[in-house]
Amino acid sequence: MTGETPRETVWILGDQLRRDRGALAERSPGECRVLMVISDHKLASKRWHRQRLHLVVSAIEHFAAELRDEGFEVDLRHAPSLPAGLRDHCDEFDVDRVIAMEPMSFDGLAMLQRAGVETIANDQFLCHYRDFADWAADRASLKMEDFYRWQRRRLDIMIEPDGSPVNGQWNFDHDNREPPPKDGRSWPTISTFASDEIDESVAARIEELDVWGAPADGRWPVTRTQALQRLDEFIENGLDPFGAHEDAMITDEWKLAHSVLASSMNLGLLHPGEIAEAAEVAFDRGDARINSVEGFIRQVIGWREYVWGVYWLWMPDYRSQNQLNANRPVPPAFTGAASTHMRCVSTAISHVEQHGYAHHIERLMVLGNLALTAGVDPQAMTEWMWASFVDGAEWVMLPNVIGMALHADGGQMATKPYASGGAYINKMSDSCKQCRYNPRHRTGDTACPFTTLYWDFLARNEQALTGNHRMARQLAGMRRLSDLEDVRERAVEVLAALDQGVL
Ligand code: SF4
């Protein structure tokens, strides 16, 4: 101990990097110490993508440097674990009280409670999870669309004075499902940020760990200033073209007009409220079309906050859900251990490998769809996605993988499995025409693995899906197949090849 007067410690967790929010919001230098811990256990807990690990560690170290520049005494320490870091801090300094913002994870909250850390409400979302639980309490089903409209109204985002949605419709999804355009248009470019000493030091240090993927290239904002620049660029160049082709997949385009702001929001560098407001202002100025603005705001204040709410509502039981008894390992084609002839998969994986990112349809309808129909273990898939995407976190990946992509919760979140054959990917991407497989074939060597596995998935899980009226048409179609036996024989070959990394 230093012998100084005991002081309060504000503990800033690694995904709460915002000066004007949480426990630091009202405090000035001299009033408290700041503790930040980089945990060896966390660094070694997964095979992280290089860009994901670099982003988090670099953003933490940049935030510590900014606070020091402002005059705060910052104890940024490396420790075997987060609790060990807290213990070491309290051993070294005279600490009369430790306070933190509620963490983003269930286990993180339990850890703080065990350690006797006082918490204040997490303010990194527009809807606190306790408010979400109140909204959910008297509902028979938790429809995202209902939550989204409730958010729009109570937050007064794109709402007319009489309470109706701007432009008369809540939902412009039907305008936002266009396939890739054939006009060869260019898509908005984004700035990259120059690497500084912190970035270079972090890049060198993470090479000592078991990491994969391309190295950091300044693509992901590590400070609030950089994140605000990314937001400005998106509002100016990306928002208007975002909507119509938000579900399209193009081989040579890793992001199309997607905002790529999630990593900044998930680290606390940007708040969803300021992002939604910037989009609404752009709409009011006439700079972006309604379908783009509504579709974007739906993602930010609807989907993202809904996922956060259900995570807290259903944890901790939710993370062990596996109602379809899926137990296949994550395919080697996903982890970099093997390549694949499936053009749509190799394209999506190359985007992940190069950037730690794939957009929502590549995640759901290519990677998630293959994992669902092949029967990949939901916990293993969650871990892989959490480690591989720059915007990964338990709260975001669990509902998206367990609930949305793999239907492992039996329909608690999504009312039917997002399973599809090659036809959907053929419509929404440019991959199939360059692929050795044919999306219309379900048997034989040229059969599209998605098409074969789609029918096999329905047959394999017929009993579990029979009670779901939204699956009745698909199941009836499966039962009518005259070559179902051949399809199932081909599925055995496909699954073996998938496991061996030769598909
Ligand atoms: Fe993907 Fe099948 Fe199309 Fe090949 S044919 S790109 S595997 S959907």
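Counting begins at 1 with the first residue of the sequence. This is a predicted model, so every value here is computed, not measured. Atoms within each ligand, like the ligands themselves, are counted from 1 in listed order.
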Is the terminal nitrogen or CZ of R185 (NZ for Lys, CZ for Arg) located under 6.0 angstrom from the six-membered ring centre of W187 and within 45° of that ring's axis? yes
Only one of V494, L495, L484 clears side-chain contact (heavy atoms from CB on, under 4.5 Å) with D456; which? L495
Once side chain to side chain donor-acceptor pair (under 3.5 Å) is applied, what residue pairs with a partner in residues 404-414 remain, sequence neighbours excluded? Y318-D409, Q321-Q412
I want to check something: taking the side chain as every heavy atom from C-beta on, are T223 and L269 in contact at a cut-off of under 4.5 Å? no
Cationic tip of R363 above Y357 ring, under 6.0 Å, 45° of axis: yes
Heavy-atom neighbours of E236 CD exceed 12 at 6.0 Å: no
Could you please give the number of protein N/O/S atoms within less than 2.8 Å of atom 4 (Fe) of ligand 1? 1
